[in-house]
Trainee: 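Dropping the structure in here first, questions after.
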Amino acid sequence: MNPTPEPVVDWSAAAGIAARVAPPGPRASREQIEELVAGLRRAAAQAVPHVLRTTRLEPAGGVRHVVGGADDGAPLLGDVAVVDRASWARANTQVMEAMTAPVAATLGEESVPTSDAARLGGAAEVGGLLAMLSSRVLGQFDPYSGLGTDAGAAGPGRLLLVAPNVLQVERALDVHPGDFRLWVCLHEQTHALQFAAAPWLAAHLRDRVGTLLEELARTSIGFSRSPLRRKLAAAGRATYDVVAGVVRGDGVAPLDHLMTPAQKDELVEITAVMALLEGHADVMMDAVGPRVVRTVRTIRARFDRRRAGEGSPGFDVVLRRLLGMEAKLAQYRDGARFVRAAERIVGRDGLNAAFAAPENLPSAREIGDAPAWVRRVHG
């Protein structure tokens with residue numbers, strides 16, 4: 001029996017580094033913190049019926065409900081956790097481990113163990129990255145916390161709401177706290193509903209990303225008939241390049257120098273799926289309207305000015321950094337344009353066909369040409 005391959009990064013060390021380096025949040029009294037946490041939990045529950053009604057998507061397994069407590073009977077799309085920055089960073093080492101596991105499998109298959117130095121070096125860089133991102137992310141739906149070994153089965157996932165960041169941004173934007181917290185939760189619960197309505201989606205994304213990273217690992221390692229010492233050195237370089245180097249926050253796609261044309265095309269197609277998910281959530285959170293979030297137009301205008309300067313803080317921020325997609329933010333704006341254009345042609349129910357099956361997802365070309373997607377999917 002082949003031994004279980006070592007992970008490409010020491011994820012436990014990465015989590016510890018991220019937790020230690022994550023900057024503290026804004027100053028707040030104990031009473032303010034308690035009110036913030038309770039308010040975010042309340043907003044997460046309140047957002048679900050609005051998202052269900054607005055999107056018209058239906059969870060494949062139905063909607064669970066809270067049992068017991070102040071929100072008894074409230075609908076749930078997944079577990080909700082209100083966390084601090086360190087806890088968010090720790091949680092995302094699990095996301096990154098799930099997405100990069102195929103790299104470790106590739107190294108194991110070729111009997112090339114990853115060196116401890118490379119694994120710890122990757123841990124330092126990943127931990128530092130997550131600590132930096134931990135001050136930017138307001139909320140994140142993590143579909144991988146419940147993903148099983150069966151590629152077609154996923155659990156409900158979990159919604160992470162980063163309390164200090166919500167507090168910091170609502171103060172900086174000078175917006176109504178209750179409205180802003182609900183608005184954030186509308187976005188993240190839309191993501192939760194996307195994965196609940198398409199239970200194949202989490203594994204689909206994981207497998208596509210994993211396959212791409214696996215191919216990159218093979219390319220970088222360049223297995224040949226060289227002596228074992230050279231293979232070990234190559235494995236260390238691959239680990240660093242594929243897992244650590246790709247998450248640098250310099251706005252450059254650092255995988256470009258490793259990619260074949262076919263791999264670059266696949267990255268563009270993965271980006272198109274992420275564009276759909278982010279664009280859909282952005283459109284739906286505003287479509288709920290001022291009857292639910294009274295100051296939604298003010299929040300959107302002020303938030304967009306902030307996001308233009310700092311980048312999108314959506315659920316996929318870690319995945320985008322992992323794949324070097326930070327320079328492709330224009331495609332996320334394209335996602336919202338795609339959603340609006342498709343709706344104008346086939347309505348909201350017609351748009352929802354995108355979540356019916358993997359083959360219905362828009363291609364990179366179709367993200368910029370919604371009529372082409374409509375012709376292909378709807379005939």
Side-chain angles (χ1 to χ4, degrees), residues 18-51 66 68-92 130-142 145 157-192 281-282 285-286 288 290 292-307 310-315 317-318:
R20 288 193 298 273
V21 179
R27 292 181 178 275
S29 67
R30 183 180 184 86
E31 291 75 16
Q32 288 174 317
I33 294 172
E34 291 176 350
E35 189 277 330
L36 172 64
V37 172
L40 285 171
R41 290 189 178 279
R42 186 166 54 250
Q46 291 172 343
V48 174
H50 298 305
V51 166
V66 175
D71 296 319
D72 188 31
L76 286 176
L77 293 171
D79 298 327
V80 177
V82 181
V83 299
D84 59 15
R85 291 171 175 176
S87 297
W88 177 87
R90 289 192 200 98
N92 273 273
L130 291 176
M132 182 269 291
L133 293 179
S134 71
S135 64
R136 290 179 46 193
V137 178
L138 301 178
Q140 174 189 13
F141 180 70
D142 166 22
S145 61
R158 58 180 171 179
L159 173 58
L160 305 174
L161 298 169
V162 191
N165 297 347
V166 173
L167 180 62
Q168 180 171 296
V169 173
E170 70 188 28
R171 286 176 175 177
L173 298 182
D174 190 24
V175 293
H176 186 278
D179 282 1
F180 183 70
R181 295 166 193 178
L182 178 56
W183 188 73
V184 169
C185 289
L186 288 169
H187 183 99
E188 302 306 334
Q189 292 288 31
T190 299
H191 284 313
D282 257 10
M285 70 193 293
D286 288 350
V288 170
V292 174
V293 182
R294 183 174 53 86
T295 57
V296 62
R297 293 186 180 92
T298 298
I299 292 173
R300 169 57 71 187
R302 295 180 184 179
F303 187 80
D304 278 352
R305 287 195 294 270
R306 171 186 179 269
R307 183 158 66 176
E310 296 188 17
S312 171
F315 96 105
V317 65
V318 172

Trainee: If you compare all heavy atoms of Trp88 against all heavy atoms of Leu130, which two are closest, and at what distance to 0.1 Å?
Mentor: CZ3-O, 3.4 Å
Trainee: Which heavy-atom pair separates Ser134 from Asn165 by the least distance, and what is that distance?
Mentor: O-ND2, 2.6 Å
Trainee: Counting C-beta onward and ignoring hydrogens, is there a side-chain heavy-atom pair between Gln46 and Cys185 closer than 4.5 Å?
Mentor: no
Trainee: Between Arg85 and Pro24 (side chain of the first, backbone of the second, donor and acceptor by atom type, cut-off under 3.5 Å), is there such a pair?
Mentor: yes
Trainee: Can you name the side-chain contact (heavy atoms from CB on, under 4.5 Å) partners of Ala38, sequence neighbours left out?
Mentor: Arg42
Trainee: What verdict does the side-chain contact (heavy atoms from CB on, under 4.5 Å) test give for Val184 and His187, after you've listed the backbone C-alpha separation in whole Å, the side-chain angles of each residue and the deciding distance to 0.1 Å?
Mentor: CA-CA 5 Å; Val184 169; His187 183 99; 5.9 Å; no
Trainee: Less than 4.0 Å between a side-chain N and a carboxylate O, is that true for Arg300 and Asp282?
Mentor: yes
Trainee: Measuring from Phe180:CZ to Asp174:CG, what's the distance to the nearest 0.5 Å?
Mentor: 12.0 Å
Trainee: How many angstroms lie between NE2 in His50 and OG1 in Thr190, if you round to the nearest 0.5 Å?
Mentor: 11.5 Å
Trainee: Please name the pair of heavy atoms, one in Ala163 and one in Val82, separated by the smallest distance, quoted to 0.1 Å.
Mentor: CB-CG1, 3.7 Å
Trainee: Please report the interatomic distance CG(Leu36) to CD(Glu170), rounded to the nearest 0.5 Å.
Mentor: 6.5 Å
Trainee: Output the distance between atom CD (Gln189) and atom CG (Leu161), rounded to the nearest 0.5 Å.
Mentor: 8.0 Å
Trainee: Just how far is it from atom CD of Glu31 to atom CD of Glu34, taken to the nearest 0.5 Å?
Mentor: 6.5 Å
Trainee: Under the side-chain contact (heavy atoms from CB on, under 4.5 Å) rule, what do Val296 and Val288 come out as? Steps first, then yes or no, please.
Mentor: CA-CA 9 Å; Val296 62; Val288 170; over 6 Å; no
Trainee: Can you tell me if CZ on Arg171 sees more than 12 non-hydrogen neighbours from other groups inside 6.0 Å?
Mentor: yes
Trainee: Give the minimum heavy-atom separation between Val48 and Ala44, together with the two atoms involved.
Mentor: CG2-O, 3.5 Å
Trainee: Using the six-membered ring wherever Trp is involved, compare the ring planes of Trp183 and Phe303 and label them parallel, tilted or perpendicular (cut-offs 30° and 60°).
Mentor: perpendicular
Trainee: Could you tell me which non-hydrogen atom of Pro23 sits nearest to which non-hydrogen atom of Ser135, and how far apart they are?
Mentor: CG-CB, 4.0 Å
Trainee: Backbone N or O of Gly39 within a donor-acceptor pair of the Arg181 side chain at under 3.5 Å?
Mentor: no
Trainee: Test of understanding: with salt bridge (charged side-chain N to carboxylate O under 4.0 Å, His left out), list the residues that count as partners of Arg158, not counting sequence neighbours.
Mentor: Asp142
Trainee: Can you tell me how far CG of Leu133 sits from CG of Asn92, rounded to the nearest 0.5 angstrom?
Mentor: 8.5 Å
Trainee: For a quick test of reading the model, state the closest non-hydrogen atom pair linking Leu182 to Val292 and the distance between them.
Mentor: CD2-CG1, 3.7 Å
Trainee: Please enumerate all residues that pass side-chain hydrogen bond (donor to acceptor under 3.5 Å, both in side chains) together with Asp179, with sequence neighbours excluded.
Mentor: Thr295
